[in-house]
**Q** 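Once you've had a glance at the structure underneath, I'll fire off some questions.
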Amino acid sequence: MTTNPNRHVHTHHRPNGWTLPDFTDLADCTTNFHRQQDGRPTCTETAVWKVVENHGLHLTISFYCDADLPNEHRQTANT
């Protein structure tokens, strides 16, 4: 896998979770999509981490509970 030198990652923590842009609910854990594909149960924990990856031309925003936050993002966390 090639590393993009223009990629900047910002990891933020909010103990009460992250609301959706339309303020209707809290964000679900991003891993739920992969859990569903793998046949695992969905995450029911609060998504307390938001990871914003700036790839130059686009942003990727992901939400994670404490247990599912990838180690690579845990190391750059802004708590």
Side-chain angles (χ1 to χ4, degrees):
M1 181 173 165
T2 306
T3 303
N4 180 353
N6 297 325
R7 179 177 161 239
H8 300 282
V9 179
H10 300 278
T11 306
H12 308 278
H13 184 260
R14 182 175 286 168
N16 295 327
W18 295 88
T19 56
L20 295 172
D22 63 1
F23 301 104
T24 57
D25 203 357
L26 291 175
D28 289 330
C29 200
T30 298
T31 59
N32 281 341
F33 176 74
H34 298 291
R35 286 172 177 259
Q36 184 180 17
Q37 286 183 329
D38 297 342
R40 294 181 288 154
T42 59
C43 177
T44 58
E45 298 296 318
T46 302
V48 295
W49 293 99
K50 178 170 89 171
V51 177
V52 180
E53 297 180 69
N54 184 341
H55 299 274
L57 295 175
H58 72 279
L59 293 176
T60 302
I61 301 173
S62 304
F63 299 95
Y64 299 96
C65 65
D66 270 328
D68 287 350
L69 179 67
N71 286 334
E72 67 182 272
H73 300 309
R74 194 174 299 277
Q75 296 169 2
T76 62
N78 300 325
T79 56

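The chain is numbered in sequence order, starting from 1. The analysis underlying the following values was restricted to heavy atoms, covering all of them including side chains, and did not include hydrogens, waters or symmetry mates.
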**Q** Is a side-chain donor or acceptor of Thr30 paired with a backbone partner of Phe63 at a separation under 3.5 angstrom?
**A**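 Answer holds: yes.
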**Q** For the CG atom of Leu26 and the CG atom of Leu20, what is their distance to the nearest 0.5 Å?
**A**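 One gets 7.5 Å once the value is rounded to the nearest 0.5 Å.
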**Q** With a 4.5 Å cut-off on side-chain heavy atoms, are Asp66 and Glu45 touching?
**A**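 Sidechains of Asp66 and Glu45: no contact.
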**Q** Measure the spacing between CD of Glu53 and NE2 of His10 and express it to the nearest 0.5 Å.
**A**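 Separation between the atoms: 10.5 Å.
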**Q** Taking all heavy atoms of His13 and all of Trp18, pick out the closest pair and write down the distance.
**A**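 Nearest pair, atom of His13 first, then Trp18: C-CZ2, 4.0 Å.
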**Q** Can you see which heavy atom on Cys29 is nearest to which on Ala47, and at what distance?
**A**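 Between these two residues, the closest heavy atoms are N-CB, 4.2 Å.
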**Q** List the atom of His73, the atom of Thr11, and the distance in Å for their closest heavy-atom pair.
**A**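 What the structure gives for the nearest pair is O-OG1, 3.4 Å.
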**Q** Determine whether Val48 and Val51 fall in the same hydrophobic cluster, where Ile, Leu, Val, Met, Phe, Trp and Tyr are linked whenever their side-chain heavy atoms lie under 4.5 Å apart.
**A**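 Val48 clusters together with Val51.
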**Q** Using the rule that two of Ile, Leu, Val, Met, Phe, Trp, Tyr join whenever any of their side-chain heavy atoms come within less than 4.5 Å, decide whether Leu69 and Ile61 are in one cluster.
**A**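 No, it is not one cluster - the side chains of Leu69 and Ile61 are not joined through contacts under 4.5 Å.
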**Q** Is the backbone of Thr42 close enough, under 3.5 Å, to the side chain of Asn32 for a donor and an acceptor to pair up by distance?
**A**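 No, because the side chain of Asn32 does not come within donor-acceptor range (under 3.5 Å) of the backbone of Thr42.
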**Q** Between Asp68 and Arg35, is any pair of side-chain heavy atoms under 4.5 Å apart?
**A**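 Of all side-chain heavy-atom pairs linking Arg35 with Asp68, at least one is under 4.5 Å.
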**Q** Give me the atom names and distance for the closest heavy-atom approach of Val52 to Leu59.
**A**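 Minimum heavy-atom separation between Val52 and Leu59: CG1-CD2, 4.1 Å.
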